[in-house]
Amino acid sequence: MDQWRIISSAFENNGTGSRILLTTTIQSVTNRCSHGNGYVYQMNTLGKEDSEELAFSVLRSPELENHSESLLGKCDGLPLALVSVSDYLKSSTEATGELCAKLCRDLGSHLTGNHGHDNFSELRKVLLGNYDSFSGSALSCLLYLGIFPNNHPLRKKVLIRRWLAEGYARSDDPWRSEEDTADDNFSNLIDQNIIQPVDTRNNSEVKTCKTHGIMHEFLLNRSLAKRFITTSPHDPRVGINTTNSRHLSVDAAKQTKCMASDEELSRVRSLTIFGDAGDAISYLHKCNLIRVLDLQECSDLNDNHLKRICVLSPWHLKYLNLGGNISELPRSIEGLHCLETLDLRETEIKFLPIEGIMLPHLAHLFGKFMLHKDDLNNVKKISKLLKLFSSNKSNLQTLAGFITDGRKGFLQLIGHMKKLRKVKIWCRHVEGSSNYIADLSKAIQEFTKAPIDMDRVRSLSIDSEEYCEKFLSSLDLEPCSEYSKYHLSSLKIHGKLLRLPPFFTSLSGLIDLCITPATLTQDHLSALINLNRLLYLKLIADKLENLEIKHGALLSLRRLCFVVKSVALAQPKIEQGALPNLVSLQLLCQGLVGLSGIEIRHLKNLKEVTIDSGVTAQTRQDWEQAAKNHPNRPRVLLLGKVDPVESEEPGRPCAIRGRGKSSIGQESSEDGSDSSLKRMRLAEPSSSSQLQVTGHPHPVVVAATEAASQPSMANL
């Protein structure tokens, strides 16, 4: 950044309209250099058609192309990777489908230098440059990505909890927590484009990500060679014995039956299974040091397996993620004394034994369940549980979530959970329960008023989709004193809200809000006027009714998202002077026609506009042109599936962000990918340098200018 300050200062106030073009792969550099009068052009990878043209331009044949799908998938549209593959095939005596398949199997060796071919030398330099910039725990977090299959979507919070359980987030700074260190390591991977976001939350935080194909292949080979990861006790992809590897990853689609000895598994600290477990579950009793057991995607897991796992009682186990056909959590779960995360979202468990929440170190509990009926009537057990919570010996921070139907259970326990930070509640309709509203309101108030560290957020999510429309609108809390505001940072309410609950006026510290009224009216919006700290707002409705965001409204808001189900409806009007700090605007309605009267030029800080991928081509072009005419040239992104409330509930689809489009109106292919290959001049000497830049998963071009007006992309 020192070099940037020197360069940019030389062009200040020279009156010549000077421009500086900077290419970088680091997002933080992009943000710093584009601050002010600059703007960002995000370069995208190539689509399928262009990838095939670049890789097989001279060698095109049906036989070759039929065997190339996996190989092209690993290249994932990176020009430098595709050129390297093309050069390799050209240098071979005969380019056949069999050779293509062999290259796909051996690609990792070429990328890391083990028997590497000269055709991959430039690509190898780019990958090694990224790899060598990591050290210590950050390097362990980087290598850890090789555990998961290629192009496998990863939840950020799942990845971070696994790192914490493994001890890969330790810091020499005594003032920094392990959670902060883990978050920094993740942010660094995003910043350097080693992992790319697939989906983001309403508050712009990355929700789901994946490792780019070519980087994943590189990291997997490195991890195998260093005995950091093994996919079997004797992996054929490296020429060494992978005995005593720390992490065992079993992918049923790629594995053959393999027996492992006690010695070979004695140092394994994590076991992750994808597909049928087969005999892999039997490995567990040999893994004496195991800390992470991830069986969420183990398709043949059953209750008997879980009972055996609990009987073994792995003393060091801190993270347990279950899926498959698990329908009952055994009471022997109490033997997992060190467990910190218990994830039951992909199971069929409906009732939770009290032993499941009495684990002393349990911090994060996920699922959709009620307390076991037998435990609710056991006075001795309930008394013991309340004593545990009241003594602050319980570490439970996340409870997402539980079902309540008016009976005693979690609603009565929330007020005693002193360390609770995140709660998800499903409200089930029960006739004749007159005290239900009062009990729920009391539980929410106890949760929001409990003391909390100022640097920690508190999140509440309520789902009453099955309940009557008046239910949520009737929720209320006792009035808050002037000096005791409710400590709630994030609130998500899923249900047909006729009006906002009265307690909204007390949520002065709210930062993140998501609500789902059936019809979004001006009254709903007016009720938010006192939320001065609100940064992120998501509004989901069947239709809009005369909605106008007036001058001076929502002064702090940075991200605004509308999800409208009905088609051909008028979009909200935004007055000039409204939303002065808005950075991201999302208009997710397939019936969006053109700009629908929305003027974005008044939103001076806007950097991103997202529209539904189902809109017409003309509507896309209209928004791209509007973005081009905006001083910031915000990106125009297409969004595929929409997840209305970003719920913790299993089975609900996640939002899939489409390929980003720049604000300059690039030509687009039918699948939404950029047809940028048609504009690449590979024959020129400069093409090698350009390809090396675009060899990174997601390079960024920053155009920073000190001129009074923005230059056109053609001049750049």
Side-chain angles (χ1 to χ4, degrees), residues 140-141 143-149 152 154-155 158-168 219-220 223-224 226-235 237 241-326 330 332-333 335-347:
S140 297
C141 293
L143 292 172
Y144 203 85
L145 299 174
I147 289 175
F148 309 95
H152 184 79
L154 303 172
R155 288 182 180 176
V158 167
L159 193 59
I160 284 181
R161 291 185 192 109
R162 288 186 55 147
W163 287 345
L164 292 171
E166 300 273 12
Y168 291 146
L219 291 175
L220 177 59
S223 299
L224 292 169
K226 287 180 171 292
R227 301 189 184 187
F228 187 78
I229 295 174
T230 184
T231 54
S232 71
H234 298 278
D235 197 290
R237 281 175 288 187
N241 188 333
T242 55
T243 298
N244 291 330
S245 295
R246 287 192 170 195
H247 308 288
L248 178 57
S249 176
V250 179
D251 189 344
K254 300 178 181 179
Q255 297 300 319
T256 57
K257 187 172 181 179
C258 178
M259 297 302 295
S261 67
D262 293 353
E263 180 184 0
E264 289 170 331
L265 298 173
S266 61
R267 292 186 60 195
V268 167
R269 294 169 62 172
S270 77
L271 173 60
T272 309
I273 299 178
F274 303 92
D276 290 348
D279 64 343
I281 289 291
S282 65
Y283 294 166
L284 186 60
H285 76 277
K286 305 173 185 177
C287 303
N288 299 321
L289 300 178
I290 194 165
R291 294 188 176 189
V292 170
L293 182 58
D294 195 336
L295 306 176
Q296 177 183 324
E297 298 190 39
C298 179
S299 55
D300 60 345
L301 187 69
N302 57 48
D303 289 336
N304 289 330
H305 288 132
L306 181 56
K307 289 177 181 178
R308 287 162 55 193
I309 291 171
C310 293
V311 168
L312 290 173
S313 300
W315 181 255
H316 299 281
L317 190 65
K318 294 185 176 183
Y319 179 96
L320 179 59
N321 193 348
L322 300 171
N325 300 314
I326 300 295
S332 55
I333 190 74
L336 305 182
H337 187 268
C338 293
L339 201 62
E340 297 174 353
T341 298
L342 178 57
D343 195 332
L344 307 174
R345 281 175 285 192
E346 298 301 321
T347 70

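- Side-chain contact between T272 and R162 is present, with heavy atoms from C-beta onward closer than 4.5 Å.
- Across every non-hydrogen atom of S270 and H247, the tightest pair is OG-ND1, 2.9 Å.
- Between S223 atom OG and R246 atom CZ the span is 12.5 Å, to the nearest 0.5 Å.
- Distance CG/L145 to CG/L219: 6.0 Å, rounded to 0.5 Å.
- Among residues two or more places apart in sequence or in another chain, the salt bridge (Lys or Arg N to Asp or Glu O under 4.0 Å) test is passed with D303 by none.
- To the nearest 0.5 Å, the span separating CZ on R267 from CZ on R227 amounts to 9.5 Å.
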I'd like to know whether S140 forms a side-chain contact (heavy atoms from CB on, under 4.5 Å) with W163, so could you lay out the CA-CA distance, the side-chain angles of the two residues, the decisive distance to 0.1 Å, and finally the verdict. CA-CA 9 Å; S140 297; W163 287 345; over 6 Å; no

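- Nearest heavy-atom pair, R291 versus G167, reported as atom, atom and distance to 0.1 Å: NH1-N, 4.1 Å.
- When all heavy atoms of L220 and G146 are compared, the closest pair comes out as CD1-O, 3.5 Å.
- Atom-to-atom distance recorded for T230:OG1 and I147:CD1 is 11.5 Å, nearest 0.5 angstrom.
- In this structure the side chain of L301 never reaches within 4.5 angstrom of the side chain of T347, judged on heavy atoms.
- Taking all atoms of both residues into account, the shortest heavy-atom contact from N325 to S299 is ND2-O, 4.2 Å.
- The structure places CZ of R269 at 10.0 Å from NE2 of H316, a figure rounded to the nearest 0.5 Å.
- For the pair F228 and Y144, the tightest heavy-atom approach, listed with the atom from each and the gap, is CE2-N, 3.7 Å.
- Tested against Y319, the residues I290, D294, L339 include a single side-chain contact (heavy atoms from CB on, under 4.5 Å) partner, D294.
- T341 has its side chain out of reach of N321: every pair of non-hydrogen atoms, C-beta onward, lies at least 4.5 Å apart.
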Assess the residue pair I229 and S245 against the criterion (side-chain contact (heavy atoms from CB on, under 4.5 Å)); give the C-alpha distance rounded to whole Å, side-chain angles, the decisive distance to 0.1 Å, and a yes or no. CA-CA 6 Å; I229 295 174; S245 295; 6.0 Å; no

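- The line from CD of E340 to CG of L320 is 12.5 Å long, rounded to the nearest 0.5 Å.
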Verify side-chain contact (heavy atoms from CB on, under 4.5 Å) between E297 and H152, making sure each step is shown before the conclusion. CA-CA 11 Å; E297 298 190 39; H152 184 79; 2.7 Å; yes

